Amino acid sequence: MLQGKRILLVIAGGIAAYRSLELIRALREQRAAVRCVMTHGAQQFVTPMAAAALSGDRVFTELFSLTDEAEMGHIRLSREADLVVVAPATADLMAKMAAGLADDLASTVLLATDKPVMACPAMNTMMWNHPATQRNVARLKADGVAMLGPDAGDLACGEVGRGRMSQPAAIVAAIAAFLDASTDKPLAGRHALVTSGPTHEPIDPVRFIANRSSGKQGHAIAAACARLGARVTLVSGPVNLPDPAGVEIVKVETAREMLAACEAALPADVAICAAAVADWRVASEAATKLKKDGGALPTLSFAENPDILATLAARNDRRPRLVIGFAAETGDVVTYARAKLARKGCDWIVANDVSTGTGTFGGDDNTVFLVGPEGVEDWPRMSKQEVADTLARRIAGHLAA
Ligand code: CTP
């Protein structure tokens, strides 16, 4: 969700600082890059070592540090981020921000940044309600700082009221929504049809033939297209993945159901066939469970499944303007991809090299070539999320041309 986003997290000195560690973890789980600045007060509650271990980056604490300034000046620190998050934002640090003070690294970075700032206040209720704090909060809002929380509840000081820092999960969601709203939507007004996952081809009511597709790549593509503003129909075989946000999902089992769902979803501007569709189904599915009766072993005979990619690409009416297939090869990737492009009648093939031990099946990374009529692009090894984002951008560029 936050793949490739860079968060500069400013941790100020309050007991809620321990929950900033959970926040770092939650942001990292969403694959954001997190870099921390800690005030001296924050270090009374949590150590820079803990923040460094969880963020996987060094932690910055000193304004007047010769080494810090030489390696990463406070100006660069304040600019190399997509969003600056202050959590917890104490009454003291917000007062400094509102007044424009810059007497330590945290306040200086906040004054020097050219990036949006989100503050998550945490303090005692009386301190929150104090007219001075409320004045500062109003000033910060007027200055364009996004405010999240504080929540009401039991406070560490034993009092009850408003003053708890928002839950880390709520902060992550707010960050995602904030960054999403600030990205451009080059696929707005487009309809993307995506197939994903394996298909299950029944043998009898309790058995089926399947394959190892996890659906990660197809689901990531659906999510990436939705993030760029497309209306997305995701036709998915059985997978163990959460439904991607902002996507209409049609759940199917067999190849024939998948084809019917795809045809029902037309018209679409682009079809991306990432599903690992079973090439064959059992010719005659048994109506009742096959039993071990001590006699001859059962034999299965097969019938060919419809090729969804080729069917969509061959349509005379309502053919999506761009039809994209996937190929998994263990050698001669480009040669086979070119042949597949011609055989299936599609426009682009995203060819996976599954020979490189990258764990493409079920793994998080992918090494791909994009093969189209104009030539072949060799993409560096990236995560499936990055492949999805890159492909979605390429689709947007193609449809706009
Ligand atoms: N595909 C499809 N319907 C099928 C089979 C495949 O839509 N019945 C699509 C897949 O979603 C993918 C591409 O076609 O986009 C893969 O083609 P396929 O012929 O299955 O290729 P591989 O299995 O990779 O290769 P090959 O059979 O050439 O070994």
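None of the values given here were measured: they were computed from a predicted structure. All values below were derived from every heavy atom in this structure, side-chain atoms included, with hydrogens, water molecules and symmetry-related copies excluded. Remember, it's 1-based here, ligands and their atoms both numbered in the order they're listed.
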Any carboxylate oxygen within less than 4.0 angstrom of a Lys/Arg side-chain nitrogen, looking at [X] and [Y]?
X    : Y    : value
D204 : K289 : no
K340 : E329 : yes
R281 : E304 : no

Contact check, side chains of L21 and I24, non-hydrogen atoms, under 4.5 Å: yes
Heavy atom of R343, distance to ligand 1 below 4.0 Å: yes
Within-shell test, P306 vs ligand 1, heavy atom, strictly < 4.0 Å: yes
Parallel, tilted or perpendicular, as decided by the 30° and 60° cut-offs, for the rings of W348 and H398: perpendicular
If you measure only the distance, is there a donor-acceptor pair under 3.5 Å linking the side chains of [X] and [Y]?
X    : Y    : result
H40  : T61  : no
D151 : Q167 : no
S107 : D104 : yes
T199 : E201 : yes

Is at least one protein non-hydrogen atom found at under 4.0 angstrom from [atom]?
atom                    : value
atom 29 (O) of ligand 1 : no
atom 19 (O) of ligand 1 : yes
atom 8 (N) of ligand 1  : yes

Short N or O distance, [X] and ligand 1, threshold 3.5 Å exclusive:
X    : result
C273 : yes
I308 : yes
A274 : no
E329 : no
N305 : no
G325 : no
A275 : yes

V277: numbered ligand 1 atoms lying under 4.0 Å from its heavy atoms: 2 (C), 3 (N), 4 (C), 5 (C), 7 (O), 8 (N)
Element-labelled atoms of ligand 1 that are located less than 4.0 Å from some non-hydrogen atom of A328: 24 (O)
NZ/K141: more than 12 non-hydrogen atoms of other groups inside 6.0 Å: no
Pair Q134-N129, side-chain hydrogen bond (donor to acceptor under 3.5 Å, both in side chains): steps then yes or no: CA-CA 6 Å; Q134 289 305 312; N129 288 332; 4.8 Å; no
For atom 6 (C) of ligand 1, closest protein heavy-atom neighbour: K344 NZ, 3.6 Å
Atom 26 (P) of ligand 1 - nearest protein heavy atom and its distance: K340 NZ, 3.8 Å
Heavy-atom nearest option to atom 13 (C) of ligand 1, drawn from Y336, F326, W280: F326
